[in-house]
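Okay, so here's the structure we're looking at.
Chain letters run A, B, ... following the sequence lines, proteins first and then strands; every chain starts at 1.
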Amino acid sequence: MGSATALAAFGLSLLVVLAASGRGVPAGVPESLDGLRVLPLALLPWVALAGLPPGPRRANLPGGVHRIAGLALGLPILALAARLDHGVGVAVRELATVGLVGLSLAAILALAAPRSPGHGWSARAPLLPFGLLWSGLVLLPPMLELVLVEVARGRGPGPPWPGPISAASPLGWLGRRAAGASDPGSGEFALLLCALLLVLARLTGRDGSPSEGR
Amino acid sequence: MLGLGPLLLALLPQAPAGPVGIVWVRMEGPLEGLRVEAGGPPTRVELSLGPGEVRLAPLPVEGPPLGRPGALGPGELTLTPLPEGGAGRAWVLEWEAPLQTLPPVALDPRSPGSTPALERLSRRSRPPLAPARITASGADLALVLALALGGLALRRRPLSAVGLGLAGAALICVLPAAQRATGEVRVLEGDLGSGAWIEVRSALGRLPLETRELALPATRPEGCERSFWVELGGPGPERWWALAPGCGLSLARRVPAPGLDLERNDLGRLEPLWLRTVDGHWEARAPWEPGRPPPPVLPPGSRPPPPAWLAASLPQGRLVLVAGLARAPNAPPGERWVRVVGP
């Protein structure tokens, strides 16, 4: 996770905390978040952006902790989000689950993120298969659920299958946690899915490890 | 017997509650939670016990068997250790029921502790409620930004950056709690004619029960699901909550006369302050400092009229004082109001 990506995620998390606190946001924004949990919302940008490839300048850095170090930038703001939730009565166990699983998801996705060997579209072209995979597994399920819910609105209950599928996606799982869903799951499917992405990235050599001859 | 004090429960009339008792339960790990049911809304307990760990705790339980003297019959009270099917166990040691034998007495006209004056006080209009909200303080945000800048400065030393992030997160977790913009509203209700005083706490969806304040929270509108929630996970004493998602909860307790009448204020700073005269005319008054004589009348139009819920449904032909009560240092957060009807 590059510094620019981490900064962007930090900024979005900060916006979530500010909105939930009613600081520097238009009237009515805090009320629109009533009933939502702050920590999963603040984690969403980290999980959503962790899979982005870092810039070319970081392509030659070794793997491991270098790849997930950007997440450290988010720990304080996420702790603050957790404290806001705890203040309105969200249980410590719930916060610990969301925090640990959410950070694990972001870390795995950051490790799986491919690296671009250079500038320009041609240099990024090899990243396309991973991008499609990431979109299909992480982004698409919750979007599909949202679309189907909207389509079904006013026409009776929608189909039951998008919910469980969405819950298996990292973003969908966090969204369900944010909404305080009664059956959000403990995140094991989302973790498995991210681990699958990591394995696929390694198998296909798209993780951009320095040994790839760059 | 628990030291419940001279408490009572004023229940909004829309939703009569069932009898409540205190059940002492012994829990043996591994346990992640416990559900207790006695035919009424469930009591949910959150805790974390490792294998072999034991915890003893009093739990509020609501249900018909708790309103009946004598022993609980087999199957009348169900304990479900969580996760279900695990090795954890829980069993009842003793119970304190029915509620009528406890010092707090419900404001039910059939209750021996109830008086018409208390009942009238409990039926006064209640405030509009908003959800509780926590705000991050400026110091919190400044600390987070400083830590983020530190993390950026250390971006080429990832282990140091991770260490700083972890230390910063730990620091934020242990710092004093963020400012709470609570949705809780407290109203001190007094009737100088009878000398009856109650304090009513109202909140939306979730109301902490203070110091073993065994309560039957009322819900509105009728039909809202209500339950008790007990947290045993922390190092301190258990914390009890009444829950009714999306519904208003009100809880009242009888309190001693707080040193306030129409001529004397030993309670605290009252602002804004209105007095209704015997002919029904509301007049705004200047702030009333404790220990001072009653403040002068403010010019008409200098202050808006009192909130409608505070001024509604009060007895006619009597002086009425309504005011906001300044929060004392270290007092729990939330709005505070006083409503006193003269003799």
Item to check | Euclidean distance, B:Leu164 CG relative to A:Leu75 CG, rounded to 0.5 Å | outcome: 9.5 Å

Next on the checklist: Once rounded to the nearest 0.5 Å, what's the spacing between atom CG of B:Leu145 and atom CZ of A:Phe10?
Outcome noted: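 So the gap between those two atoms works out to 5.0 Å.
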
Next on the checklist: Closer than 3.5 angstrom, by distance alone: can the side chain of A:Arg23 be matched with the main-chain N or O of B:Ser137 as a donor-acceptor pair?
Outcome noted: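 Not a single qualifying donor-acceptor pair exists.
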
Checklist entry - Please walk me through it: do A:Leu14 and B:Leu141 pass side-chain contact (heavy atoms from CB on, under 4.5 Å)? => result CA-CA 9 Å; A:Leu14 186 62; B:Leu141 294 169; 4.0 Å; yes

Checklist entry - Using non-hydrogen atoms only, which part of A:Leu7 is less than 4.5 Å away from chain B: side chain, backbone, both, or neither? => result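 Only the side chain of A:Leu7 comes within 4.5 Å of chain B.
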
Residue pair [X] / [Y]: nearest heavy atoms and the distance that separates them:
| X | Y | value |
| --- | --- | --- |
| A:Leu84 | B:Ala136 | CD2-N, 3.8 Å |
| B:Glu46 | A:Val92 | OE2-N, 4.0 Å |
| A:Arg83 | B:Leu175 | NH1-CB, 3.4 Å |

Checklist entry - Can you tell which of B:Ala170, B:Ala169, B:Gly151 has the highest number of heavy-atom pairs within less than 4.5 Å of chain A? => result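 Top count of heavy-atom pairs under 4.5 Å with chain A: B:Ala169.
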
Checklist entry - Looking at B:Ala148, B:Gly163, B:Gly168, which has the largest count of heavy-atom pairs under 4.5 Å with chain A? => result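 Highest number of pairs under 4.5 Å: B:Ala148.
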
Next on the checklist: Please classify the contact of B:Leu166 with chain A as side chain, backbone, both or neither, using a heavy-atom distance under 4.5 Å.
Outcome noted: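 Interface part for B:Leu166: both.
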
Next on the checklist: The test is side-chain contact (heavy atoms from CB on, under 4.5 Å); show your working for B:Leu143 and A:Leu80 and say whether it passes.
Outcome noted: CA-CA 10 Å; B:Leu143 179 59; A:Leu80 184 55; over 6 Å; no

